[in-house]
Amino acid sequence: MKDLEGGHQWTVLVTGAALDQAAAELLAAKGAKVVNIDGYAGKDALVAAARDHQVDALLVRQGKIDADVIAASDRLRVIAKHGSGVDNIDLAAASAKGIPVLRALSANAQSVAELAISLTVTLLKDIPGLHHAVTAGGWPKAGYVGRDLAGAVFGVVGFGDIGRRAARLAQALGMQTMAFDPVMDEGLCEGTVVTRDLDRLLRESDVVSLHCPLTSKTRGLIGARELGLIGTRGFIVNTARGGIIDEDALDGALRSGAIAGAALDSFAQEPPPKDLPLLQAPHLIATPHIAGASRSALRNMAMQSATGILNYLQDQVLDQATLANAELSA
């Protein structure tokens, strides 16, 4: 293996904040130089960083990794996502160059599930509105009638690892659980009613929680019609990807009262424009895509990503289960 300047064998470009210390130390111990760039710096900056450092690997935390970024370094051999969603990586461009794209599967599943439930409780218990009322000098106790979690239906769209964990947490709070998953058999699974009928789930759920990947089939999955099925007493929680919901439709539904409220941890554009009308809609809770940012999740994602990169750079070894561009599988 060819040594680079400073005795490093490889250069790894991390698009985003610094890695968990254990993962950074692992990369350094194996001869990898780590270079960081703000993932939201824009395409030109990402291309320049990959080209100027002639990186051997990309470790993607944030930012859009398109064909130009992938082509910028002649040495690029592997891409690892610091998480499980790869919608911000051009898989076709990577595959065309024979570059595997690896995911950190289940590394942040518990953290995401916990935020989904936290947002669900916050919505159902009217916490933001009550907080603002009290801090503004009000005391809306006399006329307030709250909702019960016990007996409410928690509907999961996408019954993979995160969706199942969220359902189990909801069950622990006494909620009934239902899941939509088009590839699963209908019936009862882990105490959750599984259906292939999305409309049924939307109609019957008090809270709809999204846990599916963003693909060509799920982009815009929840639009005005679907929000109408959730109804005036229902809520929607999105800790998956912003593009799954039609944001204009959601803005309209919140302003008209077509649904009771929404909690979003991701947006179609990130960061969202400051003048995005949806951000000013009533009964909206917004968080900055931090569902997977707990200490344990960050450590797990970083270690999985670093290990996957090193295994491939050193020995051409791939964990096929983590491979996002399956067409490269052996």
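No experiment lies behind these values; they were computed from the predicted model shown.
- Cluster annotation: V14 and I309 are assigned to the same hydrophobic cluster (Ile/Leu/Val/Met/Phe/Trp/Tyr, side-chain heavy-atom contacts under 4.5 Å, transitive).
- Cluster annotation: L13 is not connected to Y40 through the hydrophobic network of ILVMFWY side chains, with a link wherever side-chain heavy atoms come within less than 4.5 Å.
- Taking every heavy atom of both residues into account, A240 and C212 meet most closely at CB-O, 3.5 Å.
- Residues I285 and L210 are members of separate hydrophobic clusters, defined by side-chain heavy-atom contacts under 4.5 angstrom among Ile, Leu, Val, Met, Phe, Trp and Tyr.
- E114 and S294 form no side-chain donor-acceptor contact under 3.5 Å, judged by distance and modelled atom types alone.
- Remark: D56 does not engage R77 in a salt bridge, criterion side-chain N to carboxylate O under 4.0 Å.
- The backbone N or O of L59 sits nowhere less than 3.5 Å from a side-chain atom of S305 that would complete a donor-acceptor pair.
- Hydrophobic clustering (side-chain heavy atoms under 4.5 Å, transitive across Ile, Leu, Val, Met, Phe, Trp, Tyr) keeps F154 apart from V193.
- Taking a cutoff of 4.0 Å between a charged side-chain nitrogen and a carboxylate oxygen, R295 and D20 do not qualify as a salt bridge.
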Please report, to 0.1 Å, the donor-acceptor pairs under 3.5 Å made by any side chain of residues 249-258, with sequence neighbours excluded.
unit_1	atom_1	unit_2	atom_2	d
D251	OD1	R255	NE	2.7
D251	OD1	R255	NH2	3.4
D251	OD2	R255	NE	3.3
R255	NH2	P277	O	2.8
S256	OG	G252	O	3.0
S256	OG	A253	O	3.4
S256	OG	A258	N	3.3

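- No donor-acceptor distance shorter than 3.5 angstrom exists from the side chain of S205 to the backbone of L202, with no hydrogens or angles considered.
- Ion pair D68/K43 flagged as a salt bridge, since at least one NZ, NE, NH1 or NH2 atom sits closer than 4.0 Å to an Asp/Glu carboxylate oxygen.
- Shortest non-hydrogen contact noted between E186 and D197 is OE2-N, 4.0 Å.
- A salt bridge is defined here as a Lys NZ or Arg NE, NH1 or NH2 lying under 4.0 Å from an Asp or Glu carboxylate O, and R51 with D74 fails to meet this definition.
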Next item on the list: Check the pair D265 / T239 against side-chain hydrogen bond (donor to acceptor under 3.5 Å, both in side chains), numbers first and verdict last.
Entry: CA-CA 5 Å; D265 185 53; T239 55; over 6 Å; no
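- Heavy-atom minimum distance, L198 versus V157: CD1-CG2, 4.1 Å.
- Listed here is the closest heavy atom pair of A167 and V156: CB-CG2, 4.4 Å.
- Remark: side-chain polar atoms of D66 are paired, donor with acceptor, to backbone N or O of V69 under 3.5 angstrom.
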Item checked: Steps toward side chain to side chain contact (heavy atoms under 4.5 Å, CB included) verdict (D246, E226) -> CA-CA 10 Å; D246 180 330; E226 290 74 23; over 6 Å; no
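- One finds no salt bridge joining D87 and R219 here, because no Lys/Arg side-chain nitrogen approaches an Asp/Glu carboxylate oxygen to under 4.0 Å.
- Side-chain contact check for Q62 and T15: no donor-acceptor pair (N or O, by modelled atom type) lies under 3.5 Å.
- Between the side chain of K125 and the backbone N or O of R147, at least one donor-acceptor pair lies under 3.5 Å.
- In terms of heavy-atom proximity, A109 sits nearest to D161 at CB-OD2, 3.5 Å.
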Next item on the list: Walk me through it: do L102 and I79 pass the test side chain to side chain contact (heavy atoms under 4.5 Å, CB included)?
Entry: CA-CA 6 Å; L102 311 178; I79 300 171; over 6 Å; no
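- Within 6.0 Å of NE2 in H289 there are more than 12 heavy atoms belonging to other residues, nucleotides or ligands.
- The backbone N or O of M184 sits less than 3.5 Å from a side-chain atom of R196, completing a donor-acceptor pair.
- Atom CD of E327 has more than 12 heavy atoms from other residues, nucleotides or ligands within 6.0 Å.
- The salt bridge (Lys or Arg N to Asp or Glu O under 4.0 Å) search around E190 returns R164, R168, not counting sequence neighbours.
- Note that OG1 of T177 is 11.5 Å distant from CG of L173, once rounded to the nearest 0.5 Å.
- Without hydrogens or angle criteria, S95 side chain to N325 main chain gives no donor-acceptor distance under 3.5 Å.
- No side-chain N or O of R75 forms a donor-acceptor pair with one of Q54 less than 3.5 Å apart.
- Heavy atoms only, all atoms of each residue included: A17 and N36 are closest at O-ND2, 3.4 Å.
- No donor-acceptor distance shorter than 3.5 angstrom exists from the side chain of S111 to the backbone of N108, with no hydrogens or angles considered.
- Between the side chain of T215 and the backbone N or O of K217 there is at least one donor-acceptor pair closer than 3.5 Å.
- In this structure, the side chains of V35 and T11 come closer than 4.5 Å at one or more pairs of heavy atoms.
- T307 places no side-chain N or O within donor-acceptor distance of the main-chain N or O of Q304, the cut-off being under 3.5 Å.
- Between the D206 side chain and the V153 main chain, a donor and an acceptor come within less than 3.5 Å of each other.
- You'll find the side chain of F267 reaches within 4.5 Å of the side chain of L279, heavy atoms only.
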